[in-house]
Engineer: 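Please see the structure below; I have some questions.
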Amino acid sequence: MTMTLHARAVLLDMDGTLVDSTAVVERLWLEWAKPHGIDPDVVLRTVHGRQGHQSMALLLPERDPAINLVENQEMLARESADVDGVVEIAGAAAFLAALSPVPHAIVTSANVALMTARMQAAGLTVPALAITAESVTDSKPHPEGFLAAAAQLGVDPADCIVFEDSEAGVQAGLAAGMRVIGVGAHAAAFGATHAVDDLTRVIVKADADGLRLTIG
């Protein structure tokens, strides 16, 4: 069934939405968790969509947060250096190209270095506006990043459409008062407004009031 949505801006997560980095994310986080004896299933349910230090705080709630901040910087450096197997989500390059004439932004829990490394590895162009870990105080599921992007684009949150794959990201978009298109097999279960397998069947058309997204 084909569906058409009207919006004035599109806000895009990176990992799992534009870039498939699942293999490297899970490999490095399971390596980090092993010495702590944390159940791998718990790790994988926790780390997607969040800044690393906040994932660590959830996984090791009794630990000094200062240690998490230090280890998060170490993790970001390892993730930035390891892009083996990082590829675009199907349709991402064409989707970004179609968005070029309309307001859009990337909103990611990665820092600038990691965002740049993964987008380059996947052969994708970073949008002119990028809200990264350096831009916010609270990461997803807090809505701060999406609200900051909407404010910088000069668009009301209700006129934004978010593309997200993770539970934390979907929750953040909804909490910002935005419609959320879930990307991937699990996104619909997280409460996304609508869901797609990938970006190959999302068509963007600019119009006088913003843009139309047709999802087929």
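Keep in mind that the numbers below use all heavy atoms, side chains included, and drop hydrogens, waters and symmetry copies.
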Engineer: Minimum heavy-atom separation for A188 and A195, please, with both atom names.
Structural biologist: CB-CB, 3.8 Å
Engineer: Applying a strict under-4.5 Å side-chain criterion to I, L, V, M, F, W and Y, I'd like to know whether L11 and F163 cluster together.
Structural biologist: no
Engineer: Would L60 and I38 count as a side-chain contact (heavy atoms from CB on, under 4.5 Å) here? Give the steps.
Structural biologist: CA-CA 9 Å; L60 297 173; I38 305 172; 3.9 Å; yes
Engineer: Taking everything shown except D197 itself, do over 12 heavy atoms lie less than 6.0 Å from its CG?
Structural biologist: no
Engineer: With rounding to the nearest 0.5 Å, note down the distance linking CD in Q54 to OG in S109.
Structural biologist: 8.0 Å
Engineer: Measure the shortest side-chain to side-chain distance between Q152 and I131 over non-hydrogen atoms and say whether it is less than 4.5 angstrom.
Structural biologist: yes
Engineer: Given R27, which of V24, L30, V25 fulfils the side-chain contact (heavy atoms from CB on, under 4.5 Å) condition?
Structural biologist: V24
Engineer: Taking a hydrophobic cluster as the set of Ile, Leu, Val, Met, Phe, Trp and Tyr residues connected by side-chain heavy atoms closer than 4.5 Å, whether directly or through intermediates, do I106 and L211 fall within one such cluster?
Structural biologist: yes
Engineer: Hey, does V112 have a side-chain heavy atom less than 4.5 Å from the side chain of T116?
Structural biologist: yes
Engineer: Does any non-hydrogen side-chain atom of T132 lie less than 4.5 Å from one of L114?
Structural biologist: no
Engineer: Would you indicate whether the side-chain heavy atoms of M119 and V19 approach each other to under 4.5 Å?
Structural biologist: yes
Engineer: Mind checking the OG1-CG spacing from T17 to D165? Nearest 0.5 Å is all I need.
Structural biologist: 4.0 Å
Engineer: Calculate, to the nearest 0.5 Å, the distance between atoms CG and OG belonging to L28 and S21 respectively.
Structural biologist: 10.0 Å
Engineer: If you define the side chain from C-beta out and look only at heavy atoms, does anything of F190 sit under 4.5 Å from E164?
Structural biologist: no
Engineer: Given side chains that start at C-beta, do those of I181 and I161 come closer than 4.5 Å, heavy atoms only?
Structural biologist: yes
Engineer: F146 and A176: which non-hydrogen atoms are nearest, and at how many Å?
Structural biologist: CB-CB, 4.1 Å
Engineer: Is the shortest side-chain heavy-atom distance between F95 and H104 below 4.5 Å?
Structural biologist: no
Engineer: Taking all non-hydrogen atoms of both residues into account, name the closest pair between G173 and V162 and its distance.
Structural biologist: CA-CG2, 4.3 Å
Engineer: Are L213 and I203 connected in the hydrophobic side-chain network, where two residues link if heavy atoms are under 4.5 Å apart?
Structural biologist: no
Engineer: With a 4.0 Å cut-off, would you call R78 and E71 a salt bridge?
Structural biologist: no
Engineer: With side chains defined as the heavy atoms from C-beta onward, is the minimum distance between P127 and L96 less than 4.5 Å?
Structural biologist: yes
Engineer: Kindly indicate, with the supporting measurements, whether the criterion side-chain contact (heavy atoms from CB on, under 4.5 Å) is fulfilled by L124 and L18.
Structural biologist: CA-CA 8 Å; L124 301 176; L18 297 173; 4.1 Å; yes
Engineer: Using the side-chain hydrogen bond (donor to acceptor under 3.5 Å, both in side chains) rule, pick out the option among D20, D15, T108 that qualifies with R118.
Structural biologist: D15
Engineer: Grouping I, L, V, M, F, W and Y whenever their side-chain heavy atoms are under 4.5 Å apart, do L99 and V155 come out in a common cluster?
Structural biologist: no
Engineer: Parallel, tilted or perpendicular: which one describes the rings of H36 and W32, with boundaries at 30° and 60°?
Structural biologist: tilted
Engineer: Sub-3.5 Å donor-acceptor pair from the side chain of R8 to the main-chain atoms of D159, do we have one?
Structural biologist: no
Engineer: Going through the checks in order, is the side-chain contact (heavy atoms from CB on, under 4.5 Å) test met by V102 and V10?
Structural biologist: CA-CA 8 Å; V102 300; V10 173; 5.6 Å; no
Engineer: CZ/R179 to NE2/H6 distance, rounded to the nearest 0.5 angstrom?
Structural biologist: 9.0 Å
Engineer: Verify, without hydrogens or angle tests, whether Q171 (side chain) and P141 (backbone) share a donor-acceptor contact under 3.5 angstrom.
Structural biologist: no
Engineer: Quick check: are there more than 12 heavy atoms from other residues, nucleotides or ligands sitting under 6.0 Å from CZ of R201?
Structural biologist: no
Engineer: I would like to know whether V43 and D39 meet side-chain contact (heavy atoms from CB on, under 4.5 Å); could you show each step before the answer?
Structural biologist: CA-CA 6 Å; V43 175; D39 184 337; over 6 Å; no
Engineer: Starting from L129, can I reach M115 by hopping between I/L/V/M/F/W/Y residues whose side chains sit under 4.5 Å apart?
Structural biologist: no
Engineer: In Å, rounded to the nearest 0.5 Å, how long is the span from CZ of R45 to CD of E167?
Structural biologist: 10.0 Å
Engineer: Counting distance only, does the side-chain N/O of S100 pair as donor-acceptor with the main-chain N or O of A97 below 3.5 Å?
Structural biologist: yes
Engineer: Do Q51 and H53 pair up side chain to side chain, a donor and an acceptor below 3.5 Å, judged on atom types alone?
Structural biologist: yes
Engineer: Checking K140 side chain against V107 main chain: does a donor-acceptor pair fall under 3.5 Å?
Structural biologist: yes
Engineer: Measure across V83 and A121 and return the closest heavy-atom pair with its distance rounded to 0.1 Å.
Structural biologist: CB-CB, 3.8 Å
Engineer: How many angstroms lie between atom OG of S139 and atom CD of E144, to the nearest 0.5 angstrom?
Structural biologist: 9.5 Å
Engineer: Are more than 12 heavy atoms from other residues, nucleotides or ligands located less than 6.0 Å from atom CG of D64?
Structural biologist: yes
Engineer: What are the two closest non-hydrogen atoms of V126 and A130, and how far apart are they?
Structural biologist: CG1-CB, 4.3 Å
